[in-house]
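Below you'll find the structure, written out as structure tokens, and then a few comments.
The sequence lines fix the lettering, A, B, ..., with proteins before strands; numbering per chain opens at 1.
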Amino acid sequence: MEAAIEKTNKAQLQKEMKKQQRKLMLKRLLRSRMALTGFIILIVATIITFAAPLITSHDPLQVDPVNRLQAPSADHYFGTDDVGRDVFSRVVYGIQESMFVGLAVAFVTAILGIIFGLYSAYYNTLDHIIMRINDGLMAFPSILLAIAIMAALGPKTVNVIIALSVVYTPLIARVVRSSALVIKEQTYIEAMKSMGGSSNRIIWRHIAPNTLSPLLVQATFVFAMAIINEAMLSFLGAGIPAPEPSLGNILYDGKNVITKAWWMTLFPGLAVILITLGLNMFGDGMRDILDPHSNKSN
Amino acid sequence: MEKKEPLLQVTNLKKHFPIKNSFGFTKNHVKAVDGISFELYEGETFCLVGESGCGKSTAGRTILRLTEPTEGEVIYEGKNIVDYNPKEMLNIRKKMQMMFQDPFSSLNPRKRIGTILEEPLDIHGIGKPKERTDIVMDLLNRLGFQADQYYRYPYEFSGGQRQRIGLARALIMNPDLIICDEPVSALDVSIQSQILNLLREIQDEFNLTYLFISHDLSVVRHIGDRIGVMYLGKIVETGPTDQIFQDPKHPYTKALLSAIPSPNPHRKRERIELNGEIPSPIDPPTGCAFHTRCPFAMDICKKETPKNLEVESEQFVACHLYTEEGAKEKEMTNA
């Protein structure tokens with residue numbers, strides 16, 4: 001009987017504690033104005049991504065030569081392009097494409113980066129091999145490397161993700177490695193060894209969680225850079241293939257008629273700027289929020 | 001004390017860290033631990049004392065094979081654990097635990113106290129998760145914690161509390177031997193005594209043997225049964241605590257003890273002051289490592305390493321003042 005009561009108490013306590021933690025996180029997110037702004041921009045971008053068919057009334061691929069290069073109006077919010085496609089729909093689907101590519105790249109690089117980073121920090125010999133390959137990849141200008149990979153693989157959305165992942169994995173691996181190197185020397189890691197914890201347990205259960213906040217911050221930045229670079233690749237024609245809308249190739253189509261149709265470059269340009277800005281602000285804010293030591297000040 | 005089998009016997013243990021030049025070739029060695037030997041008997045507290053950098057912490061870590069020994073034997077319950085493979089070592093680690101100096105970096109900041117304490121049980125596959133929680137709760141209770149502190153994070157605790165958590169982590173496996181690496185040197189004096197008294201209480205209750213590493217002689221006097229004085233990677237004197245405090249034999253021990261402030265200002269004491277710095281462990285002095293700073297140094301001290309001699313019962317000293325060769329030279333200079 002008593003034991004049962006104790007057990008429910010324990011469960012309640014635990015729930016209470018977790019609730020408190022979550023409240024604290026949210027509080028700090030709300031307090032930081034920058035992080036909040038970034039967060040709101042991201043939420044809007046996410047909504048646009050998922051609700052793309054609902055908020056657009058035109059097919060982004062529908063050509064309508066009669067109504068080409070029309071200025072923004074009630075029917076075409078962002079006007080039409082040089083073959084009469086609705087720019088608003090194209091921008092919305094472009095955002096969808098960009099968000100997808102950015103998120104996929106951030107995800108893939110985070111996973112690969114944490115694996116390479118942790119193992120190279122933990123094992124000395126592996127470190128030399130992985131980090132030299134890393135140095136090699138980082139020595140290339142990122143856009144050049146991406147173009148080279150795209151040229152080899154051919155223009156396709158999946159290939160954009162692969163190319164950008166190759167470009168940005170070294171960046172994350174570096175960040176993870178450097179913070180893992182610090183954590184590796186902490187006494188609690190030695191304590192784990194003294195208790196007989198295996199290397200994999202130490203790496204994944206003790207070092208990995210402590211590298212998570214720099215990793216997340218870096219991953220948001222990679223997310224932002226992937227969006228810019230995807231736009232850049234598509235602008236150069238090495239990214240997402242032509243009829244498919246992407247922020248980069250809308251800009252490309254717009255540059256020929258920039259004097260006649262400013263709306264074709266302004267809106268996709270703004271979208272790229274706002275999303276990257278939002279991601280960067282959010283990433284900066286996250287850095288402060290995720291630090292366990294900043295809990296003390298509250 | 002009658003002679004019984006030691007629980008842990010360390011023989012000629014050495015740990016040399018290589019120094020590499022920029023091409024990766026070994027240039028030299030830091031002789032952090034340079035051939036120490038001592039025994040630990042069940043239920044006692046053996047203290048290793050010495051100034052910082054003398055290799056006492058490295059000795060503790062090498063015994064647990066957190067760093068691999070360069071040479072020597074660590075015999076635990078009659079078996080040399082230096083040759084053990086990782087699997088065999090895992091079993092030994094259940095019985096030998098370690099308590100660390102820094103209460104702030106010894107607990108993972110992202111884990112709850114309960115999780116930290118359950119981890120050793122998880123590693124050794126003891127109990128189901130629920131049983132583990134109960135074991136941990138019991139132990140926390142025993143060490144004076146509240147039930148809700150099980151769910152707290154390390155940053156919510158003070159240094160003394162964290163040190164108690166560190167002790168709990170060492171105790172959870174119900175070990176025979178705990179290596180305490182300066183467990184109180186990072187704490188306030190009032191908290192120090194609290195932890196030391198707790199260590200003593202626990203010692204009786206759990207039938208523990210301590211290898212206590214410290215630089216603080218007053219702490220050592222309080223807790224130690226026997227002490228070993230280390231200088232530059234070597235043990236220069238071992239013996240029962242009271243005996244050494246009353247009648248130190250080695251000049252280095254004398255110097256250390258004479259540096260303890262006395263509460264009675266009128267008491268006259270023989271003061272031995274040491275000049276100079278502790279020599280580099282990369283290139284330790286020949287012969288007796290202490291001869292560069294020893295006020296009684298003779299010629300032979302520079303040439304020959306003194307043997308460890310039992311000068312009084314249970315009190316071993318490695319110094320030429322007590323060896324035959326040293327006595328000969330003394331006679332010669334006097335004559």
Side-chain angles (χ1 to χ4, degrees), chain A residues 2-21 24 124-125 127-128 179 182-216 290-298, chain B residues 24 60-61 63-67 86-112 114-117 119-124 130 133-134 137 146-156 162 166 169-170 172-173 175 178-179 181:
Chain A
E2 247 175 43
I5 291 171
E6 213 172 76
K7 232 160 242 171
T8 49
N9 273 345
K10 270 182 214 166
Q12 258 174 3
L13 255 169
Q14 194 161 21
K15 242 187 233 163
E16 196 64 25
M17 289 291 177
K18 278 190 180 156
K19 224 162 120 193
Q20 266 181 26
Q21 285 279 315
L24 256 168
N124 240 332
T125 8
D127 188 36
H128 288 297
S179 60
V182 175
I183 291 153
K184 196 179 103 173
E185 299 302 324
Q186 297 287 315
T187 319
Y188 57 83
I189 299 300
E190 198 176 9
M192 284 308 301
K193 285 183 197 161
S194 81
M195 287 182 292
S198 64
S199 299
N200 272 328
R201 173 189 285 271
I202 291 171
I203 289 171
W204 291 108
R205 292 213 197 161
H206 293 266
I207 300 179
N210 283 293
T211 58
L212 222 56
S213 45
L215 171 78
L216 274 178
L290 284 172
D291 187 359
H293 302 293
S294 63
N295 277 353
K296 269 189 236 161
S297 57
N298 281 289
Chain B
R61 298 177 64 233
I63 290 167
L64 260 183
R65 286 181 67 198
L66 290 174
T67 54
K87 218 175 178 182
E88 289 169 312
M89 211 45 215
L90 198 63
N91 278 322
I92 292 295
R93 291 196 193 283
K94 276 191 220 172
K95 297 176 189 160
M96 287 160 91
Q97 291 289 323
M98 192 150 180
M99 191 177 167
F100 295 91
Q101 175 175 14
D102 185 359
F104 294 93
S105 72
S106 65
L107 303 173
N108 190 338
R110 289 199 179 272
K111 301 232 177 226
R112 290 167 202 278
T115 324
I116 291 174
L117 294 180
E119 186 111 34
L121 297 173
D122 185 29
I123 291 171
H124 295 285
K130 267 184 195 157
T133 309
D134 289 338
M137 286 272 193
Q146 309 289 319
D148 69 310
Q149 284 169 327
Y150 177 93
Y151 299 106
R152 302 228 172 246
Y153 285 94
Y155 64 78
E156 297 175 76
R162 287 185 200 210
R169 177 172 58 188
I172 197 91
M173 293 305 300
I178 298 185
I179 297 176
D181 186 3

Contacts of residues 192-202 of chain A with chain B (heavy atom under 4.5 Å): M192(A), K193(A), S194(A), M195(A), G196(A), G197(A), R201(A)
Under a 4.5 Å heavy-atom cut-off, does chain A meet the side chain of [X], its backbone, both or neither?
X       : result
L107(B) : backbone
R65(B)  : neither
D122(B) : both

D134(B) and K130(B) ion-paired at < 4.0 Å: no
Just by distance, do the side chain of [X] and the backbone of [Y] share a donor-acceptor pair under 3.5 Å?
X       : Y       : result
K111(B) : R205(A) : yes
E119(B) : I116(B) : no
R110(B) : P209(A) : yes

Set of side-chain hydrogen bond (donor to acceptor under 3.5 Å, both in side chains) partners for T115(B), sequence neighbours left out: none
Residues which pass side-chain hydrogen bond (donor to acceptor under 3.5 Å, both in side chains) with S179(A), listed by chain and number, not counting sequence neighbours: none
Non-hydrogen atoms of K94(B) and Q97(B) that approach each other most closely: O-NE2, 3.9 Å
Option in I92(B), N108(B), L90(B) with maximal non-hydrogen atom pairs under 4.5 Å from chain A: N108(B)
Residues forming a side-chain contact (heavy atoms from CB on, under 4.5 Å) with E185(A), sequence neighbours excluded: none
